[in-house]
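One structure is given here, and the rest of the page talks about it.
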Amino acid sequence: MTNSKVLNANPKERLYHVMEMILESDLTRLELQMRIVAEKDPVAWRMVDQVYQNRLGFLRSTFSELGFEGEELEMRTHLFVCYHTWEGVMFRDLSKASRAKWLKLRLEFLCCS
């Protein structure tokens, strides 16, 4: 799926496609290392933080489209980022196939009211 199709998808599908992209491309494999290195360099930290703020904004907007607001909106936004950043580090023994099966379950969990 192209980026434009992801952005034009309904909010729930958009979240699912983002989850798939993170898993398939292993997009968080260097996340923690970049944050550790960036802590020592203010310029690098600003860049890393800007990317993080962009992620939060995208996710906050998407969860907002699903009707969440206030604390529920913020919790889902931060939970999404935290889980997807740490999953590969914390659950190394979990196969990629198992992680892929859990995408829909996690999506339902995050999107339920």
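This chain uses plain numbering: 1 for the first residue, then up along the sequence.
- Under the 4.5 Å side-chain criterion, counting only non-hydrogen atoms from C-beta, Pro42 is in contact with Arg46.
- Residues Glu108 and Cys112 fail the side-chain proximity criterion, which asks for heavy atoms closer than 4.5 Å.
- Linking Ile, Leu, Val, Met, Phe, Trp and Tyr whenever their side-chain heavy atoms come within less than 4.5 Å puts Leu27 and Phe58 in one cluster.
- Residues Met75 and Leu59 share a single hydrophobic cluster, defined by chaining ILVMFWY side chains whose heavy atoms lie under 4.5 Å apart.
- The local environment of NZ in Lys104 is sparse, with at most 12 non-hydrogen atoms from other residues, nucleotides or ligands closer than 6.0 Å.
- The shortest heavy-atom contact between Ser64 and Leu73 is N-CD1, 3.5 Å.
- Counting non-hydrogen atoms of neighbouring residues, nucleotides and ligands closer than 6.0 angstrom, the CE atom of Met34 exceeds 12 such neighbours.
- With rounding to the nearest 0.5 angstrom, the CG atom of Leu66 is 8.0 Å from the NZ atom of Lys12.
- Across every non-hydrogen atom of Pro11 and Thr62, the tightest pair is O-CG2, 3.4 Å.
- A single hydrophobic cluster is not seen to contain both Met47 and Leu32; linkage of ILVMFWY side chains at heavy-atom distances under 4.5 Å, directly or through other members, places them apart.
- Residue pairs that meet the salt bridge (charged side-chain N to carboxylate O under 4.0 Å, His left out) test with at least one member in residues 18-35, sequence neighbours left out, are Glu31-Arg55.
- Using a 4.5 Å cut-off on side-chain heavy atoms (C-beta onward), Leu79 and Phe109 make contact.
- Here side-chain hydrogen bond (donor to acceptor under 3.5 Å, both in side chains) pairs that include residues 75-91, with residues two or more places apart or in two chains, are Glu72-Arg76, Tyr83-Glu87, His84-Arg106, Glu87-Arg99.
- Residues Gln53 and Leu56 are in side-chain contact: their nearest non-hydrogen atoms beyond the backbone lie under 4.5 Å apart.
- No single ILVMFWY cluster, assembled from side-chain heavy atoms under 4.5 Å apart, contains both Val48 and Val81.
- The two residues Leu110 and Phe80 make their nearest non-hydrogen contact at CD1-CD1, 3.7 Å.
- Counting heavy atoms from C-beta on, the side chains of Leu23 and Leu103 come closer than 4.5 Å.
- For CD of Glu69, the number of neighbouring non-hydrogen atoms (other residues, nucleotides, ligands) closer than 6.0 Å is 12 at most.
- Taken from CD in Glu13 to CG in Asn10, the straight-line distance is 4.0 Å, to the nearest 0.5 Å.
- The two residues Arg14 and Ala9 have their closest heavy-atom pair at NH2-O, 3.0 Å.
- A continuous path of ILVMFWY side-chain contacts below 4.5 Å connects Leu94 to Leu105, so both sit in one hydrophobic cluster.
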